[in-house]
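Numbering starts at 1 and runs along the sequence shown. We count ligands from 1, going down the list as the structure has it; atoms in each ligand are counted the same way.
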Amino acid sequence: MHQDLEKVLFTEQEIKEAAQRIAAAINADYAGQEVTFVGLLKGSVQFMADLIKYIDLKCTIDFMCVSSYGNGTKSTGRVNIIKDLSEPIDDKNIVIVEDIIDSGNTLNFINRYFSAKNARSVRICTLLDKPSRREVEIDVDYVGFEVPDEFVVGYGLDYQEYYRNLPYIGVLKPEIYA
Ligand code: IMP
Ligand code: MG
């Protein structure tokens, strides 16, 4: 595992501090209100778990699983729902919890889907943002870190389903997916 990485981008400690910083902003923005955090599986699992530890609001969590990638490293642009929400979201304040925004196709789809379900408000929280690769414009409300155009894994992010267990985020050696 570890030897498949070219370099570490964010350590476990740096990620924890980012989760605390974002949670503090969410706590302030939604003071006195209720929030539902919707994690996008599977990449957001570690981030969701860390983020909600520092949330000091009345809140619930839910998960959706959508796919746009197949098994490669490039978005296909098509989004399929693999697992839907388990609770209705009408009139709820939704914070989407995502691992990384790349082309923006996934969140563009989810945003439209949630609006159609009459959420009261929808905001986006992502640990990583790769703005150089955007194909559709997305308003991101909470960001942990911007990353360059490199394929990253760890802390929930995968390549062909592996590396999600790493407690840090790093760049995969190109020869692994070449
Ligand atoms: P988008 O629809 O292109 O914005 O892609 C979003 C999804 O693609 C993310 O939720 C990730 O699951 C996956 N993804 C995008 N870039 C990376 C990466 O560098 N490493 C691992 N997964 C990625
Ligand atoms: Mg994802």
Anything under 3.5 Å between a donor and an acceptor, one on a side chain of residues 28-38, the other on a protein residue two or more places apart or in another chain? List them.
residue : atom : partner : partner atom : Å
Asp29   : OD2  : Arg123  : NH1          : 3.3
Asp29   : OD2  : Tyr142  : OH           : 2.6
Gln33   : OE1  : Asn93   : ND2          : 3.3
Thr36   : OG1  : Thr60   : OG1          : 2.9

Only pairs under 3.5 Å count here: list side-chain donor-acceptor contacts from residues 108-117, not counting sequence neighbours, and write none if there are none.
residue : atom : partner : partner atom : Å
Tyr113  : OH   : Asp84   : OD1          : 3.0
Tyr113  : OH   : Asp84   : OD2          : 2.6
Ser115  : OG   : Asn111  : O            : 2.9

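Of the listed options Leu107, Asp102, Ile100, Ile100 places a heavy atom closest to atom 14 (N) of ligand 1. Summarising the contacts of atom 3 (O) of ligand 1 with Gly43, Ser103, Ser67, the nearest heavy atom is found in Ser103.
The minimum heavy-atom distance linking Met48 with Val97 is given by the pair SD-CG2, 3.9 Å. Nearest heavy atoms, Lys130 versus Phe151: NZ-CA, 4.2 Å.
Hydrophobic clustering, with ILVMFWY side chains joined whenever heavy atoms are under 4.5 angstrom apart, groups Leu5 together with Ile176.
At least one heavy atom of Val152 sits less than 4.0 Å from an atom of ligand 1. A heavy-atom separation below 4.0 Å is found between Lys130 and ligand 1. A heavy-atom separation below 4.0 Å is found between Glu150 and ligand 1. Contact analysis leaves Val79 out of contact with ligand 1, as no non-hydrogen atom separation drops below 4.0 angstrom. Residue contacts with ligand 1: Val153 is excluded, as none of its non-hydrogen atoms falls under 4.0 Å.
Interface atoms of ligand 1 facing Asp99, defined by a heavy-atom separation under 4.0 Å, are 9 (C), 10 (O), 11 (C), 12 (O). Remark: ligand 1 atoms within the under-4.0 Å shell around heavy atoms of Thr106 are 1 (P), 2 (O), 5 (O), 6 (C). Counting the atoms of ligand 1 from 1 in the order shown, those under 4.0 Å from a heavy atom of Asp158 are 21 (C).
Between Asp4 and Lys173 there is no salt bridge, since none of the side-chain N atoms of the basic residue sits less than 4.0 Å from a carboxylate O of the acidic one.
Within the 3.5 Å criterion, the main-chain N or O of Asp99 finds no donor-acceptor partner in the side chain of Gln46.
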